[in-house]
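Note sheet for the following structure.
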Amino acid sequence: MLLTACSADGSSDGATEDKRSGARPAQGATGGGRPEPDAAAPEKGRQSEESGDTSRPDLAAPDYLSTFALDVDTASYGYARSTLGDGRLPDPVNVRPEEFVNSFKQGYERPKGNGFSVTVDGARIGSGSGASAWSLLRVGLATKAAPPISERPPASLTFVVDISGSMAGPGRLGLAKKSLNILTDELRDDDSVSLVTFSAEAETRLPMTRLQGNRNKIRDVVEAMEPAQSTNVEAGIRRGYEESVKGHRKGANNRVVLLSDALANTGDTDADGILEKIDSARREYGITLFGVGVGSDYGDAFMERLTNRGDGHTTYVGDEEQARKVFVDQLPAHIELRARDAKAQVAFDRGNVKQFRLIGYENRKVADEDFRDDSVDGGEVGPGHTVTALYAVRLREGASGEVAKATVRWLDPKTRKAHEESGSARTATIDGTLWGGESQRLQVAAVAAYFADALRGGDLPGTPALGELASRAGKLADETEDSSVRKLATAIGQAEALRNGTEPEDGGDEGEGEIG
């Protein structure tokens with residue numbers, strides 16, 4: 001199901017999980033079930049505003065908080081586009097709406113310092129009753145753009161490359177090699193790299209080596225990689241972290257970069273189990289994990305779980321052009337950090353808001369009471385990143401004043417000092433019309449969210465048919481002159497054709513996202 005929800009009834013369910021994971025179930029919008037609008041009778045764990053029954057101990061007070069860890073992943077959208085381009089509909093399990101939305105530019109104002117800017121706005125989906133009574137609320141967070149490449153700290157990168165048999169297909173190991181060669185050209189002389197490969201076992205092909213004077217040596221090691229046997233991701237990551245610790249550089253960006261189709265079939269194949277084995281290195285040395293997915297058959301959910309728990313993020317590379325975007329244009333955002341353990345909490349006004357639903361972020365929910373508990377895991381965010389959270393919101397009749405206040409909390413990557421920034425929206429802020437309104441970027445975000453909803457078979461209020469979505473995306477592409485929006489329109493058209501049993505059109509590469 002796409003949507004988590006909270007109405008005036010409030011809701012919570014689920015068992016408590018490990019605090020460090022950041023995945024404890026939150027009450028309200030980021031909690032478990034999705035109550036039907038205007039549910040007449042309270043269920044266990046809810047209090048009905050209409051009945052006002054507070055005598056039963058199993059009825060929770062209405063909750064108007066929504067809390068989640070920030071997420072800058074975009075792999076779900078990239079892999080969905082690749083799958084559609086291959087003439088297949090993506091598995092709904094692999095469709096994460098927030099990653100669709102975060103793949104597109106939103107144009108938020110950037111902060112002057114190293115923290116976040118907070119933008120809260122929205123628009124009415126329609127007017128009247130039923131689905132058209134809903135509005136979309138957009139919470140936008142942005143970090144300062146990356147400095148020139150000459151000004152960034154040096155990088156110490158350990159590449160862990162999957163050379164298993166499944167990587168022999170088109171767009172897999174060959175693309176990983178091209179990606180590494182592109183990066184070898186892009187990195188500075190004072191940067192360092194090491195290379196670990198894995199199949200049934202892991203092998204160190206190159207210890208930590210400075211780029212200066214060694215670029216040809218690095219290229220030779222890369223070109224020597226050939227497909228082997230099974231996929232032991234555990235062995236690769238363990239060896240990769242060992243090499244990263246050996247080559248750790250104080251003051252540098254120390255990161256493990258995993259290039260794989262993430263189809264683990266030997267060793268420990270559980271993401272949590274793998275990360276437990278390298279937990280001390282991850283914590284003590286602050287080494288983060290960046291996952292780069294490749295291949296038409298790709299373990300998207302496994303890679304996403306691995307990087308989320310590994311204090312990192314993931315993207316998907318479908319061709320050489322996209323590899324250049326990731327390893328050249330977007331490189332600082334992938335290897336530097338602006339914020340650690342970043343979380344957002346949105347407080348909705350009880351007097352003005354009747355019901356709200358957070359779109360996506362199911363895997364990133366945080367218990368409301370853990371928002372300011374800095375031992376609870378959040379998201380890691382680099383320079384030039386933006387994070388967008390969309391809410392479907394119903395206002396009460398005659399609502400006036402503040403609708404919601406959004407607060408982001410994060411730790412400084414160097415000092416681990418906590419910081420917060422907030423922004424809010426009033427009823428006038430979300431009173432405009434969504435379609436045909438002034439904010440083209442809000443419309444792009446809405447199209448991406450509705451597209452993900454359609455692929456998952458959800459019930460987001462006001463979801464247009466795929467044909468209408470494709471038309472809206474095409475119009476927005478013309479208005480914004482943004483090629484990534486054009487490719488979104490193509491992807492929607494491909495999905496519609498596959499649903500209707502007609503021949504899908506061939507699309508380009510994936511959306512670039514807003515980085516740098």
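For the numbers below, each heavy atom of this structure counts, side chains included, while hydrogens, waters and symmetry mates do not. Predicted model only: the values in this text are computed from it and were never measured.
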Compute whether any side-chain donor of one residue and acceptor of the other, for [X] and [Y], lie under 3.5 angstrom apart.
| X | Y | answer |
| --- | --- | --- |
| R255 | T158 | no |
| T231 | S164 | yes |
| D191 | Q212 | no |
| S296 | D86 | no |
| H385 | H313 | no |
| T204 | E243 | yes |
| T184 | R215 | no |
| T74 | Y316 | no |

Check: [X] side chain, [Y] main-chain N or O, donor-acceptor pair, under 3.5 Å:
| X | Y | result |
| --- | --- | --- |
| T490 | R486 | yes |
| N253 | A155 | no |
| Q106 | T386 | no |
| N232 | A200 | yes |
| N254 | A252 | yes |
| N214 | K217 | no |
| R172 | V294 | no |

Do the charged groups of [X] and [Y] touch, with an N to O distance under 4.0 Å?
| X | Y | result |
| --- | --- | --- |
| R249 | D190 | no |
| K343 | D377 | no |
| E321 | K325 | yes |
| E99 | R96 | yes |
| D311 | R282 | yes |
| D121 | R441 | no |
| D220 | R205 | no |
| D279 | R283 | yes |
| K277 | D268 | yes |
| E234 | R238 | yes |
| K246 | E242 | no |

So for atom [atom1], which belongs to [X], do other residues, nucleotides or ligands contribute more than 12 heavy atoms lying within a distance under 6.0 Å?
| X | atom1 | answer |
| --- | --- | --- |
| E201 | CD | no |
| K177 | NZ | yes |
| E479 | CD | yes |

So [Y] and [X], do their side chains get closer than 4.5 Å, heavy atoms only?
| X | Y | value |
| --- | --- | --- |
| R188 | R152 | yes |
| V366 | V376 | yes |
| D189 | R210 | no |
| Y108 | L141 | no |
| P97 | I359 | yes |
| Q322 | L175 | no |
| R138 | V120 | no |
| Y450 | P464 | yes |

For this session: Apply the test side-chain contact (heavy atoms from CB on, under 4.5 Å) to residues V161 and M225: give CA-CA distance (whole Å), side-chain angles for both, the deciding distance (0.1 Å), then the verdict.
Result: CA-CA 9 Å; V161 183; M225 295 188 299; 3.9 Å; yes

To the closest 0.5 Å, what do you measure between [atom1] ([X]) and [atom2] ([Y])?
| X | Y | atom1 | atom2 | value |
| --- | --- | --- | --- | --- |
| S260 | F302 | OG | CZ | 8.0 Å |
| K475 | D478 | NZ | CG | 9.5 Å |
| R324 | L331 | CZ | CG | 13.5 Å |
| L70 | R409 | CG | CZ | 13.0 Å |
| T83 | N94 | OG1 | CG | 8.0 Å |
| L206 | S194 | CG | OG | 7.0 Å |

Exercise. Given R219 and E223, is the salt bridge (Lys or Arg N to Asp or Glu O under 4.0 Å) satisfied, shown in steps?
Worked result: CA-CA 6 Å; R219 291 189 187 94; E223 288 303 320; over 6 Å; no

For this session: Show your reasoning for whether salt bridge (Lys or Arg N to Asp or Glu O under 4.0 Å) applies to D272 and R305.
Result: CA-CA 8 Å; D272 294 348; R305 180 79 168 175; 2.9 Å; yes

For this session: Answer yes or no for R340 and W410: cation-pi contact, defined as NZ/CZ to six-membered ring centre under 6.0 Å and angle to ring axis within 45°.
Result: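 Here R340 fails the 6.0 Å and 45° test against W410.
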
Exercise. Under the side-chain hydrogen bond (donor to acceptor under 3.5 Å, both in side chains) criterion, do D73 and T314 qualify, and how do the steps go?
Worked result: CA-CA 5 Å; D73 293 353; T314 184; 5.8 Å; no

Problem set entry | S66 vs Y391, side-chain hydrogen bond (donor to acceptor under 3.5 Å, both in side chains): CA-CA, chis, key distance, verdict | CA-CA 10 Å; S66 170; Y391 290 86; 2.7 Å; yes

Exercise. Are Y77 and F104 close enough that their ring centres sit under 6.0 Å apart?
Worked result: yes

For this session: Please lay out, stage by stage, how V196 and F159 fare under the test side-chain contact (heavy atoms from CB on, under 4.5 Å).
Result: CA-CA 6 Å; V196 170; F159 293 94; over 6 Å; no

